[in-house]
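A short write-up of the structure that comes next.
The figures that follow rest on heavy atoms only: side chains count, while hydrogens, waters and symmetry mates do not. Residue numbering restarts at 1 for every chain, and letters A, B, ... go by the order of the sequence lines.
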Amino acid sequence: MLANEQVIDGRGWRSGALVEKKQLSQWFLSITKFAPDLLEALGGLDRWPERVKLMQSNWIGRSEGARVRFKLTEPAAELSDIEVFTTRPDTLFGMSFLAVAAEHPLAAATGARDPKAAEFIAECRRMGTSEAAIEQAEKRGFDTGFRVKHPFTGREYPVWIANFVLMEYGTGAIFGCPAHDQRDLDFARKYGLSVTPVVLPAGADAATFAVGDVAHTEDGISYNSGFLDGLGVAAAKRHAIDELEKLASGQGIVNWRLRDWGVSRQRYWGCPIPFIHCDDCGVVPVPDDQLPVRLPEDVDFAKPGNPLDNHPSWKHVACPKCSKPARRETDTCDTFVDSSWYYARFCSPRAAEPVTRGAVDSWLPVDQYIGGIEHAILHLLYSRFFSRAMKEAGHLSVDEPFAGLFTQGMVQHESYKGADGRWLYPEEVDFAIAADGTRSATVKGSTEAVTIGRVEAMSKSKRNTVDPGAIIAKYGADTARWFILSDNPPERDMEWTESGVAGAYRFTQRVFRIVEAALPALPPAGSAPEEAGKALRRATHRAIATVTEALETFAFNVAVARLYEFANAIEAAKDAPGGARREAFEMLARLAAPMMPHLAEEVWSLLRPQDTSLVAELPWPEADPALLVAESITLAVQVLGKLRSTIDVPVAATEAEIFAAAEAEENVKRAIGDKPIKKRIHVPGRVVNFVI
RNA sequence: GCCCGCCUGGCGGAAUGGUAGACGCAGCGGACUUAAAAUCCGCAGCUCGCAAGGGUGUGGGGGUUCGAGUCCCCCGGUGGGCACCA
């Protein structure tokens with residue numbers, strides 16, 4: 001049993017053996033039951049990123065269409081007809097073939113009577129199982145020899161097995177209309193199947209319109225389509241569905257892309273699925289008082305197969321119902337199962353029962369959830385499913401587990417592979433730059449060549465990770481925090497680099513130094529800041545306001561920048577009176593505290609030796625609104641949208657005064673020349689623009 | 001292949017449709033020093049110009065607007081996800 005990522009070019013990543021898909025009996029959780037609600041409730045998640053909601057919405061994939069039954073001209077095994085799902089029932093008259101997935105019963109029936117078909121199906125089974133692998137594989141098909149009757153025309157069409165039809169989506173069968181679906185067109189061209197256009201693009205001539213290599217998937221008017229002729233796509237869909245229902249050959253339905261969640265894993269590392277198989281009683285749940293089922297610790301990983309299944313005694317238990325010998329389920333749960341409800345468990349982590357009503361009702365939903373963008377779909381959707389299922393089972397009161405979501409970007413790094421294909425940590429690699437600028441790499445302390453891979457998300461499996469421990473060891477934890485937070489906006493992906501860490505370290509030193517140097521001249525703690533220190537006080541309160549805003553929006557890098565600016569302003573105001581300077585230093589410590597807590601406390605204790613409170617215990621500072629209002633403002637002056645000058649005007653200046661001042665600027669006069677001013681635009685506090 | 005992001009100086013990045021490049025790194029010049037480190041002062045997108053100032057510039061191309069890094073369309077590059085990596 002291999003994971004998708006362990007399959008490379010259809011072979012096992014270590015053994016190199018050909019991979020084959022097999023049918024297994026497994027456990028599924030019926031997330032599809034909640035599909036409509038999981039989709040609709042996205043609209044209420046107003047503190048979730050739009051992109052995450054969009055991705056989930058696409059993943060759930062609601063689509064309206066029709067199921068259409070095609071009668072087989074001869075029965076295949078027990079099948080007398082094949083049902084397809086389509087979102088384009090309006091193009092039924094453009095049909096040229098029907099295609100089923102390799103796992104479809106009709107494919108099996110064909111394989112049973114035709115060895116060549118069986119061979120084709122076997123080839124499909126050797127294809128990778130991931131959606132990406134299937135969609136990127138060369139489109140291939142096999143004519144089963146079976147034929148179906150068109151429900152409207154009675155005409156007969158061939159049934160193919162196609163490797164791009166997914167058994168998991170819809171009914172595992174499609175009807176092909178090459179003129180209006182690109183994939184069907186590629187398939188039809190490859191196998192010489194007919195292409196009949198039935199939707200005429202606006203402005204095209206029905207007599208001459210033909211489809212070349214590009215299918216027409218846009219709107220148009222139905223033609224060559226019997227009773228649908230003359231209708232637009234939407235109307236034709238409705239009409240076609242009405243007709244199918246009248247003929248009892250199909251019906252309009254809503255189809256979902258979301259599939260039930262297969263949670264079975266044939267691995268050791270997961271929670272055992274708590275069921276017991278009894279020959280007489282069937283599948284029996286493990287009684288509550290025997291939960292949780294614990295994994296055996298004496299397992300043998302050397303043998304191929306599922307270690308739990310191979311274990312000599314673990315699975316042999318008595319049936320809880322009839323006490324006869326029975327077998328434990330040896331599949332374990334996908335580890336996503338655990339991460340789907342830990343937020344509920346964490347409300348009362350030491351409780352004897354899985355979740356405690358009082359605790360979850362008090363704490364949930366999680367006010368602010370933070371996670372990597374890689375979890376945008378699976379983990380976050382599974383969690384939303386679990387909270388709904390747990391609510392239905394009476395364990396929770398909330399539908400949504402996470403009221404606010406922030407998705408951080410991925411930290412990336414180049415990856416490295418040794419000559420034998422093993423992954424290497426960055427610190428195991430030496431680099432050289434040739435005269436022509438090309439980089440090369442070798443294993444440290446040897447001449448073994450290293451392949452430099454692409455820049456991608458850090459992961460343990462690819463070993464492209466960097467431990468911030470080295471920075472902490474060299475510069476301390478405050479510098480490490482400050483540097484990491486200052487480097488880039490957290491929602492954005494970033495390539496890891498240590499450049500800049502020296503600057504972060506310098507800043508920590510500087511903060512301590514300027515406070516220490518100023519200390520002897522500062523008035524005692526609690527002294528009122530003087531009116532004469534207003535300029536510095538403005539800077540202080542602007543820092544409070546801007547740092548606060550940056551932190552609240554997770555723009556930590558901006559918060560850091562504002563603190564650099566503030567420190568610069570403090571140093572530039574060496575002559576400001578002591579009370580204002582004390583206020584500035586104290587605020588510097590308090591505003592920096594979330595990002596360099598140790599230094600902040602140290603500085604705070606220097607400034608307030610009598611004070612036993614910690615910065616961490618103080619309420620967050622608030623800016624004085626009176627100090628945030630500027631006395632004069634700088635306006636940009638543009639002529640035809642191009643910057644020509646700037647003017648400083650009092651806050652109270654009237655628009656007429658502003659235009660007059662702007663027009664008086666030498667540069668502005670020159671740019672206007674002798675042309676008349678057609679329009680004067682004034683955006684208060686921002687810009688003046690003259691249109692000439 | 002499909003879905004979703006991202007792309008701004010040498011580098012990380014800032015910028016409610018309104019002065020692009022704040023702040024930091026790296027760099028350059030200067031001060032201090034016997035010297036170095038540390039520190040301090042200054043310069044800095046590119047380009048023309050002695051300067052004043054001009055041109056140009058946010059991946060490429062088009063569009064909307066008095067005004068576009070920001071909004072719209074097309075293209076390119078790159079990252080995340082694609083259900084068994086978690």
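Using a 4.0 Å heavy-atom cutoff across all strands shown, A/Val687 reaches at least one base atom of the nucleic acid. Among the atoms of the strands shown, base atoms are found under 4.0 Å from some heavy atom of A/Gln26. In this structure, A/Leu258 reaches the bases: a heavy-atom distance under 4.0 Å links it to at least one base atom across the strands shown. Residue A/Thr634 is in base contact, counting any heavy-atom pair closer than 4.0 Å across all strands shown. Across all strands, A/His379 comes closer than 4.0 Å to no nucleic acid atom at all (heavy-atom distances). Residue A/Trp59 is classed as a base contact, given a heavy-atom separation below 4.0 Å to a base. At the heavy-atom level, A/Ala132 lies under 4.0 Å from base atoms of the strands shown. Among the atoms of the strands shown, none is found under 4.0 Å from any heavy atom of A/Ser461. Using a 4.0 Å heavy-atom cutoff across all strands shown, A/Leu54 reaches sugar-phosphate atoms only and no base atom. Counting non-hydrogen atoms under 4.0 angstrom, A/Ser339 reaches nothing in the nucleic acid. Nucleic acid contact class of A/Tyr564 (heavy atoms, under 4.0 Å, all strands): sugar-phosphate only. Within the 4.0 angstrom heavy-atom criterion, no nucleotide atom of any strand lies near A/Ser486. Within 4.0 Å (heavy atoms only), A/Ala137 reaches no atom of the nucleic acid at all.
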(message) Between A/Gln6 and A/Val19, is the side-chain contact (heavy atoms from CB on, under 4.5 Å) condition met? List the steps.
(response) CA-CA 10 Å; A/Gln6 295 168 331; A/Val19 168; over 6 Å; no

(request) Would you sort out whether A/Ile484 and A/Phe556 count as a side-chain contact (heavy atoms from CB on, under 4.5 Å), showing the intermediate values? (result) CA-CA 9 Å; A/Ile484 289 168; A/Phe556 304 122; over 6 Å; no

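With P as the reference atom, B/rU39 and B/rA14 are 26 Å apart, rounded to whole Å. On the C1' atoms, B/rG81 is 24 Å away from B/rC75, given to the nearest whole Å. B/rG12 and B/rU64 are spaced 33 Å apart, taking the P atom of each and rounding to whole Å. For B/rA37 and B/rA31, the P atoms lie 14 Å apart once the distance is rounded to whole Å. Rounded to the nearest Å, the gap between the P atom of B/rG57 and that of B/rG62 is 11 Å. One C1' atom belongs to B/rA44, the other to B/rC28, and the distance between them is 8 Å to the nearest Å. The same atom, P, is picked in B/rG69 and in B/rG9; the two are 14 Å apart, to the nearest Å. Nucleotides B/rC11 and B/rU47 are separated by 15 Å at their P atoms, to the nearest Å.
Comparing B/rC40, B/rG13, B/rG80 against the side chain of A/Pro489 picks out B/rG13 as the nearest. Closest to the side chain of A/Asn58, out of B/rC66, B/rC4, B/rC82, is B/rC4. Between B/rC4, B/rC25, B/rG18, one nucleotide has an atom nearer to the side chain of A/Gln638 than all others, and that is B/rG18. When each of B/rG18, B/rA83, B/rC23 is scored by its nearest atom to the side-chain atoms of A/Ala561, the top-ranked nucleotide is B/rC23. When distances are taken from the side chain of A/Arg51 to each of B/rG80, B/rC23, B/rG5, the shortest belongs to B/rG5. Side-chain atoms of A/Asp487 lie closest to B/rG12 of the nucleotides B/rU16, B/rU19, B/rG12. Side-chain proximity of A/Val683 to the nucleotides B/rG1, B/rG18, B/rU19 is greatest for B/rG18. The listed nucleotides are B/rC85, B/rA86, B/rC66; the one nearest the side chain of A/Phe336 is B/rA86.
Evaluation of atom-type donor-acceptor distances gives no pair under 3.5 Å for the side chain of A/Glu135 against the base of B/rC3. Side-chain N/O atoms of A/Glu495 and base N/O atoms of B/rG12 include no donor-acceptor pair closer than 3.5 Å. Remark: the A/Arg562 side chain and the B/rC23 base include no donor-acceptor N/O pair separated by less than 3.5 Å. Under 3.5 Å, the side chain of A/Asn4 and the base of B/rC84 form no donor-acceptor pair of N or O atoms. You won't find any donor-acceptor pair under 3.5 Å spanning the side chain of A/Gln6 and the base of B/rC84, going by distance alone.
Residues A/Tyr564 and A/Trp482 bring their aromatic ring centres within 6.0 Å. Annotation: A/Phe431 is in aromatic contact with A/Tyr416 [ring centroid separation under 6.0 Å]. Centroid-to-centroid, the aromatic rings of A/Phe187 and A/Phe164 come within less than 6.0 Å.
The residue among A/Lys642 and A/Val558 whose nearest nucleotide of RNA chain B is located toward the 5' end is A/Val558. Remark on RNA chain B: of its neighbouring residues A/Gln509 and A/Gln412, the 5'-side contact belongs to A/Gln509, judged by nearest-heavy-atom nucleotide.
The local environment of NZ in A/Lys190 is crowded, with over 12 non-hydrogen atoms from other residues, nucleotides or ligands closer than 6.0 Å.
Regarding contacts with the backbone of B/rG79, a side-chain N or O of A/Arg454 is found under 4.0 angstrom from either OP1 or OP2. Between A/Arg492 and B/rA14 there is a side-chain N or O to OP1 or OP2 distance below 4.0 Å. OP1 or OP2 of B/rA26 sits under 4.0 Å from a side-chain N or O of A/Arg506. OP1 or OP2 of B/rG13 has at least one side-chain nitrogen or oxygen of A/Asn488 nearer than 4.0 Å. For A/Arg644 and B/rG54, the shortest distance from a side-chain N or O to OP1 or OP2 is below 4.0 Å.
Between the CG atom of A/Asn689 and the P atom of B/rU19 there is a distance of 11 Å, given to the nearest Å. One atom, CZ of A/Phe483, and another, P of B/rA26, lie 11 Å apart when rounded to the nearest Å. Following rounding to the nearest Å, A/Asn464 (CG) and B/rG79 (P) show an atom-to-atom distance of 12 Å. Atom CZ of A/Arg265 is separated from atom P of B/rA86 by 7 Å (rounded to the nearest Å). Between A/Leu380 atom CG and B/rG80 atom P the separation is 18 Å, expressed in whole Å. B/rC3 atom P lies 12 Å from atom CD1 of A/Ile377, rounded to whole Å. Atom pair A/Leu378:CG and B/rC3:C1' shows a separation of 13 Å (rounding to whole Å applied). Between A/Leu185 atom CG and B/rG1 atom C1' the separation is 16 Å, expressed in whole Å.
The two residues A/Tyr369 and A/His379 make their nearest non-hydrogen contact at OH-NE2, 2.7 Å.
Residues A/Gln56 and A/Trp48 bring no donor and acceptor atom of their side chains to less than 3.5 Å of each other. Remark: the A/Glu456 side chain and the A/Ser415 side chain contain an N/O donor-acceptor pair separated by less than 3.5 Å.
In this structure B/rG9 sits in the syn conformation; its chi angle is within 90° of 0.
Judged by distance alone, the side chain of A/Asn464 and the main-chain N or O of A/His413 form a donor-acceptor pair under 3.5 Å.
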